Participant: 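Handing you this structure, nothing more for now.
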Amino acid sequence: MTSFSPGAGRRVAPRSRLASDAAELDLSGTWRFLFSGRPDLAPADGAAVDLDDSGWDEIKVPSHWVLQGREEWGRPIYTNINYPFPVEPPFVPDENPTGDYRIAFDVPEERGERVLLRFDGVESLAIVTLNGTQVGVVRGSRLAQELDVTDEIRPGRNVLHVRVHQWSAATYLEDQDQWWLPGIFREVTLLFRPADGIEDVWLRADYDPATGQGVLLPELRAGASGYPITVSVPELGVETTFASPSEVAAIPVGEVAPWSADRPRRYEATVRNAAETRSLQIGFRRIEVVGHQWRVNGRKLRLRGVNRHEYDPDNGRVFDAVAVREQLLLMKRANINAIRTSHYPPHPTFFDLTDELGFWVIDECDLETHGFQRDGGWTENPTDDPRWREALLDRIERTVERDKNHPSIVSWSLGNEAGTGQNAAAMAAWVHRRDPERPVHYEPDYDGFYTDIVSRMYPPVEQMEDMAAGTGTHPHAVAGRNAELAKRPMILCEYEHAMGNGAGALAEYERVFDTLPQWHGGFIWEWRDHGLRTTTPEGTEFFGYGGDFGEEIHDGSFVCDGLLLSDGTPTPMLAEFAAVTTPVKVTIDGGSVTVENRRHDGDTTDLRFVWRDELDGRQIGTGELTVPAVAPGESITVSLPGFEPHDGELWRTVEAVTASDAEWAAAGHVVTRAQTQLAKAAPALSVPADDVTPVARDGAISFGPATFDAFSGDLVSIAGAEVKGPRLELWRAPTENDSLSSFASYVDVEAVASRGMGSKTPSSAELWRAAGLDRLHRRVQAVEVEPGRLVVRHRYAPSAAQEAVVVELIWTLRAGRLHLDASATPSRGWKGTWPRIGLHLELPAGLAEARWFGTGPDENYVDSHAAAHVGRFEAGVDELSVNYAVPQESGHRAGLRELHLPEIGLGITATPVAGELPGFSLRAHDAAEVTSAAHPHELPDSSATHLYLDVQQHGLGSRSCGPDVRPEYQLRPRAAAWSLTFDVR
Ligand code: IPT
């Protein structure tokens, strides 16, 4: 338990995962299981062959024992950086949950020359006993390990016992930001190895972009008597036999189609001898780093990536190939072309899928020691401690050897957030020797002393610009080093923290990637929320995060920071990502459209380009453009049809859609969209106010279809529908990027601030609360019935403050329709930012449908609106806000022209004031209710449907881990005005 060593017993040297015709026995299924809260309580005779284990529990292998709904087996724990126990390596707590696993299985008489027992993933330490003899100790939770059990296996019945401890010295190397989930969570397999079998194969498949020629560079591991060995690629007519190891040589294969993420062309290959046939799918490609260019097949890589953890809301890190394939297809639809396997090698089958479907992948080693970064230092960090050297080298060897044949892997990563030091340098040196082709990535090597790719996390774009210019200094790097680093390729291994609503400013990063030659793109943090499905004591199902499982210390909702919710529902940021990073860019410029192909590979003939014109949101023309094939890196401009001048708002949209069905998307899938306004609506003719004067009677004021409260001047009803307000609202339910709540509590604030992320200054939400924006008092200054109008003035201010906002509401009837001209004017003295400046109307509870003319379909904010376009949309009210893991601001859609609520027959038309239209949000809960709930199920029963009409909202930013809202997207205290007409239909 406390050993530094990478494992013990007859460990087989790491090698590729390849299909074979040799026999295998998958031991997945139901095993006997006995849980003990401490190792000393585990059964002394647990491994005995003749033990009667019929009284033990049962468990499925693979699985995590804390996700079996058996609380007595312990519960999941979530911490980000912290170890959930005292840091005193190599020791672990006495309370070390222990699982004893047993299975009996039959082995045939004919079982080959050698028998290997393979573990694909056990967290964190497995002591393996076969037929009463201990055969090895397995460490390295997400790495494969084979043990040679030839001497212990026997024909007929065998008994395998595996004792798993949740904590071990190895845990200190596995401090990734994720759930701690013990157990045998990947397959256990017996391999019956034939005499003279082919033990390992590496078929490097090189592609020369200059000539289009492919060459196979085989590396074969088999005994001398394993020869002759034949390498065959039938599709290329390759059938080459090597009579002996010394004959093994390169095999030129002639012209081949290269492999790329865009066109993942693979060829079936076999490597066989008299004893065994190995089969694999190969992809020809050449990876090079040339100066600051990281190239594949001669072309600079452009990574549009995500960080991906192994995760399922019910099964944790247990791999489900069908579900993962679906997720990868969804990534394809969202223009994602790259994946970093944060922060450990995934299940080996994952790479079959990325090879097949086409992704650039950084395969990351199972290494993180983040909990040693205390007070900014890395005291006792394993990465720099010689006692851990062998374990770290073993980990990178097991990573590279297992996965080396996969064309989709374009870089090896040593790990994540494990500091720097001699062991990391030794890992890199080992990779450089073993695989000189693929560059080595490791973000904590800030100075680039031993890695090939300069990698950063969450910097502001200004820092990226400095780096490209060779100026500036990384806070943890040697001063002046940026000049050297500017000669190398750069990526963001993490950026844009997709926690809750956000992150904003994605387009700013894209601009840097597009324009500065060193930058190759990056990987969003992260693909998906990791909530675990659970229930309240009352039985309400929800997705739990840190703290929901009774953890002693935890990091709250920081485990939910993905582009997808825990249940797999995409958040609007996925569409934003697709829009911003589009590999085929369409730009409308007056009468022409430019199509730019930014793909790595493949022209645009798989796409159709369709245009449509919409007048006031209604289609008046459509057609298809003839766009000649655009080669990668090229662009072509074609002209668009002319248009008739019209009376109204005229928009032209051009979409690039897929021409035919593919597995990842049906024909017609929109790859990208551009929109331009051809004509603006004529300024609304000011309809004169009707000569009708409001009537005050019995505490109420009636005015056309509306009734007001005579004291407050608030609306009470419109045409019989209950409507309350409008009230000024400056508060929004803080997004997690606003509040940083779960972040500030545990992150090394110094280190983070010094990286230009977050900040030691209070969060926006803290400042807003301090300013009292969540507790405004209202005083009625005036309710005046005048000829032809009702004038209402409200003063809003927090207790103790002299700062105020005065709202004036002028109600008129115009051609019988109720009209509101509203203005909000702040006093002097306001400081900082505001979350929003909006009017809040309470409508009857339970409204279900909305139709609008404005922007959509998804929520959009000032720093996140590339996916939004102008049009007519309809949606359920429940679809208008996103069910983020922590309830928060959601659902703002800028630029509202018309909103129609069919159930109460109410229409609201907004006309621009000084060029500004309000955005809207419509939700069953108000900002205060949303603020108070920590989980969706904690929201109270809805008492009204809340409509907010915000002239402006503060941007989103990425401050939960990264830069705050950029200055140009902040809402500074300001005046605002609305012009709204209420229609009763
Ligand atoms: C960065 C980690 O690498 C990643 O695992 C995750 O924790 C992410 O942050 C935040 O969700 S480390 C960060 C403190 C710079």
Side-chain angles (χ1 to χ4, degrees), residues 78-83 142 173-180 305-311 317 339-344 346 362 364-376 378 383 413-420 441-446 455-460 463 474-476 491-500 502-503 522-531 545-546 554-564 566 573 736-737 740-760 885-886 957-964:
Y78 169 58
T79 58
N80 170 2
I81 293 170
N82 286 320
Y83 293 97
R142 299 107 199 169
L173 307 181
E174 296 169 11
D175 187 28
Q176 291 92 347
D177 174 7
Q178 60 176 349
W179 295 100
W180 299 95
V306 290
N307 281 277
R308 176 190 175 274
H309 268 284
E310 301 263 81
Y311 157 81
R317 287 188 278 278
I339 299 168
R340 172 175 177 234
T341 70
S342 52
H343 299 302
Y344 42 82
I362 298 185
E364 191 152 277
C365 184
D366 190 3
L367 174 64
E368 174 156 344
T369 64
H370 213 161
F372 287 88
Q373 189 189 23
R374 303 182 61 77
D375 308 322
W378 284 91
T383 309
S413 176
L414 306 181
N416 182 61
E417 292 286 12
T420 188
H441 168 269
Y442 183 55
E443 183 263 351
D445 179 27
Y446 307 114
S455 179
R456 294 289 184 262
M457 287 181 184
Y458 310 103
Q463 213 182 87
H474 188 278
H476 297 335
I491 65 165
L492 295 181
C493 65
E494 295 177 25
Y495 76 120
E496 288 285 280
H497 201 239
M499 187 179 195
F523 300 82
I524 298 286
W525 188 270
E526 66 176 308
W527 172 238
R528 186 168 172 179
D529 284 3
H530 308 202
Y545 50 73
H554 65 82
D555 288 308
S557 61
F558 219 61
V559 77
C560 292
D561 49 7
L563 297 171
L564 269 54
S566 296
M573 197 188 170
E736 286 160 299
N737 285 313
L740 223 97
S741 54
S742 48
F743 183 77
S745 59
Y746 57 85
V747 160
D748 175 352
V749 180
E750 288 281 346
V752 165
S754 66
R755 284 178 179 197
M757 312 174 2
S759 157
K760 285 197 285 182
V886 174
S958 184
R959 189 168 163 181
S960 57
C961 191
D964 204 347

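Both counts, for ligands and for their atoms, begin at 1 and track the order of listing. What you see is a predicted model; the values in this text were computed from it and never measured. Note that the numbering runs from 1 along the sequence shown for the chain.
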Participant: Under a plain distance cut-off of 3.5 Å, with no hydrogens placed, do N737 and S960 share a side-chain donor-acceptor pair?
Facilitator: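 Present: a donor and an acceptor within the cut-off.
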
Participant: Knowing that exactly one of E494, E443, R340, H441 qualifies, which makes a side-chain hydrogen bond (donor to acceptor under 3.5 Å, both in side chains) with S455?
Facilitator: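 The single option meeting the side-chain hydrogen bond (donor to acceptor under 3.5 Å, both in side chains) with S455 is H441.
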
Participant: Show the atoms of ligand 1 that are less than 4.0 angstrom away from any heavy atom in F558.
Facilitator: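 Checking each atom against F558, I get 10 (C), 11 (O).
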
Participant: Does ligand 1 have a heavy atom under 4.0 Å from the side chain of N307, from its backbone, from both, or from neither?
Facilitator: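 Looking at N307 and ligand 1, no heavy atom falls under 4.0 Å.
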
Participant: With respect to E494, determine whether any N or O atom, backbone or side chain, lies less than 3.5 Å from an N or O atom of ligand 1.
Facilitator: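 Looking only at distances, the answer is yes, because the N/O contact criterion of under 3.5 Å is met.
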
Participant: Do you know which two heavy atoms are closest between I491 and F523, and how far apart they sit?
Facilitator: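 The pair with the smallest heavy-atom distance is CD1-CE1, 4.0 Å.
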
Participant: Looking only at distances, please establish whether an N/O atom of ligand 1 is found under 3.5 Å from an N/O atom of D561.
Facilitator: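 Yes, D561 has an N/O under 3.5 Å of an N/O on ligand 1.
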
Participant: What I want to know is whether H343 and ligand 1 share at least one N or O pair that is separated by under 3.5 angstrom.
Facilitator: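 H343 vs ligand 1: N/O contact under 3.5 Å present.
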
Participant: Using distance alone, with no hydrogens and no angle criterion, decide if S342 and E526 have a side-chain donor and acceptor under 3.5 Å apart.
Facilitator: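 Looking only at side-chain atoms, E526 and S342 do not form any donor-acceptor pair under 3.5 Å.
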
Participant: Testing Q178, E364, E174 one by one against Y344 for a side-chain hydrogen bond (donor to acceptor under 3.5 Å, both in side chains), which residue passes?
Facilitator: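 Going through the options one by one, the only one that passes is Q178.
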
Participant: Does H497 approach ligand 1 within less than 4.0 angstrom via side chain, backbone, both or neither, non-hydrogen atoms only?
Facilitator: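 Under 4.0 Å from ligand 1, H497 contributes side-chain atoms alone.
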
Participant: Any atoms of ligand 1 less than 4.0 Å from a non-hydrogen atom of H370? List them with their elements.
Facilitator: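 With H370 as reference, the close atoms of ligand 1 come out as 12 (S).
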
Participant: Using a 4.0 Å cut-off to any heavy atom of N416, which atoms of ligand 1 qualify?
Facilitator: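 Atoms satisfying the 4.0 Å criterion: 2 (C), 3 (O), 5 (O).
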
Participant: Would you kindly say whether Y442 and N416 are connected by a side-chain donor-acceptor distance under 3.5 Å?
Facilitator: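 No, no side-chain donor-acceptor contact under 3.5 Å.
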
Participant: Between Q176 and ligand 1, which residue portion shows a heavy-atom distance shorter than 4.0 Å: side chain, backbone, both, or neither?
Facilitator: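 Neither part.
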
Participant: Is the distance between the ring centroids of W179 and H554 less than 6.0 Å?
Facilitator: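 That pair fails the under 6.0 Å test.
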
Participant: Within less than 4.0 angstrom of ligand 1, does Q178 place any heavy atom?
Facilitator: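 Heavy atoms of Q178 never come under 4.0 Å of ligand 1.
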
